[in-house]
Amino acid sequence: MAANSNDLEKTAAAMPDAVPSGRDSSHGDSTDNSTEKQRPIDLAKADSKVVQAKDEEADADPYAHLPEREAKILKDQVYTPDVKVGMATLYRYSSRNDVIIIAISAICAIASGAALPLMTVIFGNLQGTFQTYFTPGTSMTYDDFVDEMSRLVLYFVYLAIGEFVTAYISTVGFIYTGEHISAKIREHYLESCMKQNIGFFDKLGAGEVTTRITADTNLIQDGISEKVGLTLAAIATFIAAFVIGFVSYWKLTLILLSTVVALLLCMGTSSRFIVKYSRQNIAAYAQGGSVAEEVISSVRNAIAFGTQDRLAKQYDSHLVRAEYFGFRLKSTLGVMIAGMMCILFLNYGLAFWMGSRFLVDGEVSLSRVLTVMMSVMIGAFNLGNVAPNIQAFTTALGAAAKIYSTIDRKSPIDPSSDEGAKLPEVVGTIRLEHVKHIYPSRPEVVVMDDVSLTVPAGKTTALVGASGSGKSTIIGLVERFYSPIEGTVYLDDVDISTLNLRWLRQQIALVSQEPTLFGTTIYENIRHGLIGTKWEHEGPEKQRELIEDAAKKANAHDFITSLPEGYETNVGERGFLLSGGQKQRIAIARAVVSDPKILLLDEATSALDTKSEGVVQAALEAASAGRTTITIAHRLSTIKDAHNIVVMQQGRIVEQGTHDELLEKRGAYYNLVTAQAIAAVSELTAEEQEAIDKEETEALIRKASTHNKEGAVPEDPDDDVQAKLNRSQSQQSASSMALARRTAAQKKKYGIWTLIKTIAKFNRQEWPLMMVGLVFSVITGGGNPVQAVFFAKLISALSVPVNEQTIPHIQSEASFWCLMYLMLGLVMFFSYIASGVIFAKASERLIHRVRDMSFRSMLRQDVEFFDVDENSAGALTSFLSTETTHVAGLSGSTLGTIISVLTTLIAACAVALSIGWKLALVCIATMPIVIGCGFFRFWMLAHYQRRSKKAYAGSASYASEAITAMRTVAALTREEDVLSQYRASLAAQQRASLISVLKSSLLYAASQSFMFLAFALGFWYGGTLIAKYEYDMFKFFIVFSSVIFGAQSAGTVFSFAPDMGKAVEASRELKTLFSRQPSIDTWSAEGEKVESVEGNIEFRDVHFRYPTRPEQPVLRGLNLTISPGQYVALVGASGCGKSTTIALLERFYDPLAGGIFIDGKEISSLNINQYRSFLALVSQEPTLYQGTIRDNILLGAPHEVADEQIKFACQEANIYDFILSLPDGFNTVVGSKGALLSGGQKQRIAIARALIRDPKILLLDEATSALDSESEHVVQAALDKAAKGRTTIAVAHRLSTIQKADVIYVFDQGRVVEQGTHAELMKRNGRYAELVNLQSLEKHR
């Protein structure tokens, strides 16, 4: 019956005299007004209009066609102000404490930034002390030297302590205030959402609102947390460095400013290219992604036509372009790093060369040269740290603008306001006077026009009529979800717009079609009904008593107490752990618990099956006794006893009266009733249902026992027969077992090594290239130790006392080593570029192959795989676009990085140990600390970002649950309650995260400061060796700089390395996907090959349930035989298993019991691809892919076809002339999902695609149900032509389309109940005749 109620709604609206209107119902089925007088249609010309792409400009102001006053009412309900957001607005919710903490943190951040360049001063001075000590004729004694040295070394220790404290305070401070302020923003945002009127949500959509509360607030938090501190510190470093430089020696500093310019130029130009290529790369992949999305969202089509391979090739062609741009993108990045490294070495060369000239001229000491050189380096490289953070600030501002625009919106219908009157006593009479209504989100449709209606107190008034006739709208207006455009709604003769909104909603209880429960216990869910009533703050005993009474009234008490945890059972998010009837009864209990004066029932039973409906209906009748009740019903049997029945059509009231009065009138109501009475005959009674259940259970038990004899386990996993026999324990048992079974498919754990091997396989062809890349990586790693030798040589050359004799020697040495720096810079430049480019190539190849392979593996899976929720089209396409790129983290580039780091460390240690082993050992001991500092610094920063995202996932899902169920929240006046819970959960998270930040910031601060301690140790021990004349300056500096600077650079390399963690995760997912073997495998060559088929089809006692809904039997012992060349039609109500039969024939699924035979062979024994090549499927929603019409038709052909055949197929499908009439003919591009063609045109192309296979068996799955009547005729004619000379199986909703069938099978509850030709079945006057009468009634009403 549910099936036809749909068609019934569609056609009820189309009265013969009705003006066709483009009205949509509030439930979203559009009302179909296509019953104009059937004129003979010229099939050749019909449905040949070319669809125009809609003009974007046209809908600038959707309200332009309405009068000023009405437009204003609508605009107020959806208008949102634009807010200008500056940096200061981000902080507008900061408390005084926040401001104080921010100020202190900012000071600390600046201090911690300025500390870095101070180190260079100490470094320079230490070198100066060493030099003085070695200068012949110095007055410095051993003790003086040791004192001076110890003093300077202690400065390093002080710096370390200062750096630790300031870095710690600034990170903790900024992260804490960032969390605090963004939590405030989240809270204000949710609070503002709770105040908004429902029209606002219709316009935005709940999805948009939740994205804002999750993603956008995260972006804001990102922009006001530790990034601010980092930026301040980096700027402070830059400024301090140059201040120190200019104070030490201004000329050299000015000359070295060129490095800053060079660095900025290098980063600036590269980033321009990087942005450009990244855009092109994304765009190229986006086209591939949309191909993937089209294919995956209509995967049954691809499987049925066996087009997986060709579609994968099409996807691959986009990947080739994406690879091209991706390669350019990564190469550019490589060039940028190479440029930066080159500049680094050139800077050393320039500094020493100019420094040596100033030194010879006696203008400056060597210690000053060192100070200037190092501080310029530090300053220049810190400027680079600012850029990525700037981006975070701009995105935060963008996100804040969106969020603040909602926060600042004044809602026209605000439930939180205290304005408006509250009536002392409510009688409960509701009156509508001349109400006209338009939904603000659909301004072109007038939903109600001049409706006047009185609902007397204490009586039940029922509203009936087709979908979209304005029934639900009345409820929305009484609840004041919307304001009517004209007219007023009165409660006890008071205009409801003058009443207090919250108070009004507390007088009314609403039970809607889709009951929304919140993710808490049953007890809490019913208790929500008490909010705002006098019992809200009663003691728990009183409340429990009220709740249990309400549950008894709603017929829910028994099933609740039978649950293991009774009222404390958690219903899960949106209540998905309960059946529909159970949820609905809880919703009714929630509605009646507060003993409301007015009860609104919006199709409260329409979504239920027959069994639950009876129970719920009884509950509703008990609940509505003695209250003002407005009920909306589709099933008229449920409202026979109403005191007044109001029949609505097209937004007007056409008649009203009691059931008997209206029947006598023989008007609209009479027609509705007769239509439903006929349909009702075909419903099973509860007893019949039981009998079928029992029989099915027995069949499955029999099957299980025969299986067990063979020592196998029964196929049907969920049919734990025991559970089915004890059906009385509520449906919980079967469905919870089903859920338990669903999670049973545990993921296999793969070790890292297996994963690396998997990934390496994809790069097998590139290995010679990658070996070259690794050689270059080794060279890049050697740069640092070599640099250390040059550095020490230069220092020892330049620290000779300057006099006439030494000057020529100093100059020649300086020039030689500075040119060596130039050489080193160039070598590094080229080897970084070479390794960067080679690895870019390899990793892009890898990503390309992985994507291609993943897509093919997805298309290999059986349909069952795509039915699972986590494999939705969206999830799989995002897997293809993002997860696959993470895999690169385990590929060659990471290997290159690791080799480079190892080379640096090994070479550094080797050089140091060979020259001065004592100091080398001490310095090597500090290595782990120095490398750790570099690594942890980046790791912690990444960790902060991850943590802030994770922390708010819980509260975000709570908020989004509330927003998605906004109408329910509003009707229950739960706004305050939702907010207080949200606040509590935010506060709990802040406490938890504060503790974690306090701990993790210790690591970060340590990583910033331990560097200095390593310096201190090295200098102190080196100094004592120098004091005893064991080492000279050359030895000291070569050992010190190779080990310490080597370790430092090794630590920073980690910042460029892609995220290994993500890579491991992603490759695990990939491995799981590649190793998943579907039970119906299109790649397998197994199974008998058949050269041709006759077309004898037989179903023998087939039982089937969908794997994702094992608790729902679909086919229960289906028997069918179909002879070759027959045209067979399957008819029946929806959900009776017609389409499932087609799916089983295509072998999308295998049946649980029984078999399907073709020419006497079971289809599961045949080769799957060959078997499918004899079938062609035309489904309800025609699927076209991007590309030309010709490409789409050719997808049906298993091999090359001549143009003649294409032409023939198109003529058969009645589409040839239309295609030729298009300007580009067969080369017309159809747009994404065929958006540029009308429904009928798409369907006819789909038929041509099916015919080009020349199939033996043609399957039509409701091929015309989605079309309007004009296209339907054309398509039907095409189908009739197509069916000639083939075995055809058609599933039909509109019975007129299959009257010519050879055999008609009538389905009900998953089995065949009648069969015969149209004439035979009409004579029988059984189910088929009822269905026909029902449909003809709808036509003629």
Side-chain angles (χ1 to χ4, degrees), residues 9 24-28 77 197-199 201-202 413 415 428-433 435-442 447-449 451-457 459-485 487-491 496-497 499 501 504-516 529 584 587-588 590-592 596-607 620 623-624 627-635 638-639 642 644-649 651-653 656 965-973:
E9 295 161 18
D24 274 16
S25 87
S26 54
H27 297 303
Q77 293 185 55
N197 51 315
I198 302 292
F201 293 102
D202 294 347
I413 308 176
T429 315
I430 297 174
R431 194 168 89 248
L432 279 74
E433 271 188 13
V435 169
K436 173 180 180 188
H437 182 64
I438 295 179
Y439 282 114
S441 52
R442 286 206 306 274
V447 195
M448 284 175 67
D449 208 357
V451 172
S452 299
L453 168 69
T454 306
V455 179
K459 299 272 199 327
T460 299
T461 304
L463 309 174
V464 299
S467 238
S469 56
K471 311 182 299 286
S472 303
T473 308
I474 291 186
I475 285 190
L477 292 175
V478 171
E479 274 274 13
R480 245 192 109 204
F481 287 156
Y482 302 96
S483 311
I485 284 188
T488 12
V489 183
Y490 294 100
L491 170 64
I496 63 167
S497 59
L499 294 172
L501 185 59
L504 170 74
R505 287 186 181 156
Q506 281 157 2
Q507 309 310 310
I508 304 175
L510 166 70
V511 179
S512 55
Q513 178 175 5
E514 273 292 306
T516 310
Q584 198 54 283
I588 294 169
R590 177 174 69 189
V592 297
K597 282 284 185 253
I598 300 164
L599 187 59
L600 308 177
L601 306 173
D602 185 354
E603 300 196 17
T605 60
S606 70
L620 287 174
S624 59
R627 308 179 206 280
T628 310
T629 310
I630 301 181
T631 105
I632 294 182
H634 260 176
R635 309 199 184 163
T638 57
I639 50 145
N644 186 17
I645 295 174
V646 178
V647 186
M648 297 189 68
Q649 240 159 36
R652 292 196 167 80
I653 293 177
Q656 45 181 322
M966 197 54 221
R967 281 168 192 254
T968 314
V969 173
L972 292 168
T973 63

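Counting from 1, the numbers follow the sequence of the chain as shown. Note that the coordinates shown come from a computational prediction; the quantities given were computed from them, not determined experimentally. For the numbers below, each heavy atom of this structure counts, side chains included, while hydrogens, waters and symmetry mates do not.
The shortest non-hydrogen separation linking I653 to Q656 is CG2-NE2, 4.3 Å. Closest non-hydrogen pair, T516 versus A965, comes out as CG2-CB, 3.2 Å. Nearest heavy-atom pair, P596 versus A509, reported as atom, atom and distance to 0.1 Å: CG-CB, 3.5 Å. When all heavy atoms of L510 and A971 are compared, the pair lying nearest together is CD2-CB, 4.0 Å. Listed here is the closest heavy atom pair of T461 and P456: OG1-CD, 4.0 Å. Nearest heavy-atom pair, T429 versus A457, reported as atom, atom and distance to 0.1 Å: OG1-CB, 3.7 Å.
Between Y439 and Y482, the ring planes lie perpendicular to each other; the angle is over 60°, past the 30° to 60° tilted range.
Put simply, the side chain of L453 does not reach to within 4.5 Å of the side chain of M648, judged on heavy atoms. Using a 4.5 Å cut-off on side-chain heavy atoms (C-beta onward), N644 and K459 make no contact. At least one side-chain heavy atom of I632 sits under 4.5 Å from a side-chain heavy atom of S472. Side-chain contact between T473 and V435: absent, with no pair of heavy atoms (C-beta onward) separated by less than 4.5 Å.
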Dump the intermediate steps for side-chain contact (heavy atoms from CB on, under 4.5 Å) on T968 and R590, then the final yes or no. CA-CA 11 Å; T968 314; R590 177 174 69 189; 3.4 Å; yes
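Between the CG atom in L477 and the CG atom in L432 there is a gap of 6.5 Å [rounded to 0.5 Å]. The CG atom of L601 sits 7.5 Å away from atom CD1 of I588, with the distance rounded to the nearest 0.5 Å. Atom NZ of K597 sits about 11.0 Å away from atom CG of L491, to the nearest 0.5 Å. Distance check: Q506 CD to L501 CG gives 9.5 Å after rounding to the nearest 0.5 Å. Once rounded to the nearest 0.5 Å, the distance linking OG of S452 with CZ of R652 reads 11.5 Å. Note that the CG atom of L504 and the CD1 atom of I496 stand 5.5 Å from one another [nearest 0.5 Å].
Listed by chain and number, the residues in a side chain to side chain donor-acceptor pair (under 3.5 Å) with T454 amount to none (sequence neighbours excluded). Considering only residues two or more places apart in sequence or on other chains, R627 meets the side chain to side chain donor-acceptor pair (under 3.5 Å) condition with D595. Partners of T488 by side chain to side chain donor-acceptor pair (under 3.5 Å), not counting sequence neighbours, listed by chain and number: Y490. Under the rule for a side chain to side chain contact (heavy atoms under 4.5 Å, CB included), the partners of A462 that lie at least two apart in sequence or sit in another chain are T631, I639, A642, I645. Taking the side chain to side chain contact (heavy atoms under 4.5 Å, CB included) definition, one finds that S624 meets it with T460, L599, T629, sequence neighbours left out. Applying the side chain to side chain donor-acceptor pair (under 3.5 Å) rule to S441 yields no partners; only residues at least two apart in sequence or on another chain are considered.
Here the options are D449, I485, V447, the test is side chain to side chain contact (heavy atoms under 4.5 Å, CB included), and the partner is I438; only I485 passes.
A side-chain donor-acceptor contact under 3.5 Å links N197 to the backbone of Q77. One N or O on the side chain of K471 and one on the backbone of G465 form a donor-acceptor pair closer than 3.5 Å. Using a distance-only test at 3.5 Å, with no hydrogens or angles considered, a donor-acceptor pair links the side chain of T628 to the main chain of G428. For R505 (side chain) and R480 (main-chain N/O), a donor-acceptor pair under 3.5 Å exists by modelled atom type.
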